Amino acid sequence: MTLLRRWFWAWLGGLVLAALAVWGIVDNQRLFFVTTLNGLTLAALYFLVASGFTLVFGLLRNVNLAHGSLYLLGAYVGWVVGELSGSWFVAVAAGFLFAALMGLVLQVGVFRFMQGEDLRQTMATIGLSIIAADVALWIWGGEIYQFDPPRWISGTTTLPLVGKFSTYRLVLLATAVVIGVGLWAFLAYTRVGMMIRAGVDDRAMLSASGVNVQMVFAVTFAIGAGLAGFAGVVGGTALSIAPGEDTRYLLASLVVVIVGGMGSVTGAALGAVLIGVAEQFGLAYAPTYGIVFTFVIMALVLAFRPQGILGRRT
């Protein structure tokens, strides 16, 4: 295994060197920096969705393949509330709260009765995601919706080496960093975070100590689902809301968690950066084969470190 680790880190080093080589030979170096920043902002959005997924899938061991539906429904509800209230911040809060409530219903009504039954969880949530997609299509149709961000974060910002870049995307990147640090601190240093980690390792012992394990897990599930709804609104502001986005972000979350490691917030951040940057560089420099880069990264990680880059061995 030591040899495999060396090969894995050598591959990562080679990837960095290859990126530097590309930067050196590219005539338009501004394109390189713009693509890098686009990759980081896309990674921020992927992390916001995947951070909730890694809480539910990685920590609670609940296979929630309806996570993408929570993203899409949170975005749609946020859009409706934003149109009625005229406030983007109210829309963000509505998207988070609606998805959190739906996640709580899922945990109490579905996953509580299927604990440890991965196949049943998978089939049930696939069915729920199909129903949710059809309901969303019935209510909102096939139109494309987009949020208007507040004026103070709209427009562009001039950056060195890049030039003008979307201010909102920079705010999105900063928001993802803040949420990532907050989640890491919550799991590592708070009493509830310790309960969550203890419940994952030994639920019976935690329950015997007098802790309401079901309540702790329900709250965790609600937070993870709420992050998906939150990402739906901020992602709908940066890009758009349309049918099919649920599948796209579910797959992105799966890839990010597989690459970074289940249950690791830091791993989700690293996986999101690798996938987001690879996707944008593929679109910029090899659009025909751009999607291949993502699967190459995932295949290499599975080959040399199956538990993910920062995942724990089980």
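Note that this is a predicted model, so its numbers are computed, not measured.
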Check the pair Leu187 / Leu55 against side chain to side chain contact (heavy atoms under 4.5 Å, CB included), numbers first and verdict last.
CA-CA 10 Å; Leu187 292 173; Leu55 284 177; 3.9 Å; yes
Looking at [Y], is its backbone amide N or carbonyl O close enough to the side chain of [X] to form a donor-acceptor pair, meaning the two atoms are under 3.5 Å apart?
| X | Y | value |
| --- | --- | --- |
| Ser51 | Leu48 | yes |
| Tyr46 | Ala268 | no |
| Ser240 | Gly236 | no |
| Asn64 | Ala66 | yes |
| Thr41 | Asn38 | yes |

Partners meeting ring-ring contact (aromatic ring centres under 6.0 Å, His included) with Phe111 (sequence neighbours left out):
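Only Phe221 meet the ring-ring contact (aromatic ring centres under 6.0 Å, His included) criterion with Phe111.
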Interatomic distance, [X] atom [atom1] to [Y] atom [atom2] [nearest 0.5 angstrom]:
| X | Y | atom1 | atom2 | answer |
| --- | --- | --- | --- | --- |
| Thr247 | Glu245 | OG1 | CD | 9.5 Å |
| Leu227 | Thr54 | CG | OG1 | 11.0 Å |
| Thr35 | Glu279 | OG1 | CD | 12.5 Å |
| Asn62 | Phe53 | CG | CZ | 10.5 Å |
| Arg169 | Leu173 | CZ | CG | 10.5 Å |
| Met215 | Gln107 | CE | CD | 10.0 Å |

Grab the two heavy atoms, one from [X] and one from [Y], that are nearest each other, plus how far apart they are.
| X | Y | result |
| --- | --- | --- |
| Val49 | His67 | O-NE2, 3.0 Å |
| Met298 | Ile258 | CG-CG2, 4.1 Å |
| Val265 | Gly180 | CG1-O, 3.8 Å |
| Ala133 | Asp246 | CB-OD2, 3.8 Å |
| Met114 | Gln121 | O-NE2, 2.7 Å |
| Phe186 | Ile223 | CZ-CD1, 4.4 Å |

Student check: side-chain heavy atoms of [X] and [Y] closer than 4.5 Å:
| X | Y | value |
| --- | --- | --- |
| Gln146 | Thr237 | no |
| Phe230 | Ile179 | yes |
| Tyr71 | Leu250 | no |
| Arg191 | Met194 | no |
| Pro150 | Phe89 | yes |
| Tyr168 | Val234 | yes |
| Val110 | Leu128 | yes |
| Phe165 | Thr156 | no |

Indicate, with yes or no, if [Y] and [X] share a hydrophobic cluster defined by side-chain heavy-atom contacts under 4.5 Å among Ile, Leu, Val, Met, Phe, Trp and Tyr.
| X | Y | answer |
| --- | --- | --- |
| Tyr145 | Val135 | yes |
| Leu302 | Val256 | yes |
| Val259 | Val292 | yes |
| Val277 | Tyr285 | yes |
| Ile275 | Leu239 | yes |

So, Thr167 and Thr157: side-chain donor and acceptor under 3.5 Å apart, yes or no?
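On atom types as modelled, these side chains qualify, holding a pair under 3.5 Å.
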Check the pair Leu170 / Leu159 against side chain to side chain contact (heavy atoms under 4.5 Å, CB included), numbers first and verdict last.
CA-CA 11 Å; Leu170 296 175; Leu159 298 174; 4.0 Å; yes
Please check if atom CD1 in Ile144 has more than 12 non-hydrogen atoms from other residues, nucleotides or ligands closer than 6.0 Å.
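Count not over threshold, so no.
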Pair Leu84-Val90, side chain to side chain contact (heavy atoms under 4.5 Å, CB included): steps then yes or no
CA-CA 10 Å; Leu84 293 175; Val90 174; over 6 Å; no
Each residue besides Phe293 in its hydrophobic cluster should be listed here, by chain and number; the cluster joins Ile, Leu, Val, Met, Phe, Trp and Tyr at side-chain heavy-atom distances under 4.5 Å.
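When side chains under 4.5 Å apart are linked, Phe293 ends up in no cluster with other residues.
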Using a side-chain heavy atom cutoff under 4.5 Å and only I, L, V, M, F, W and Y, what cluster partners does Trp184 have?
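Result for Trp184 is Tyr189.
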Decide yes or no on side chain to side chain contact (heavy atoms under 4.5 Å, CB included) for Ser129 and Leu65, but give the supporting numbers first.
CA-CA 7 Å; Ser129 66; Leu65 295 188; 5.7 Å; no
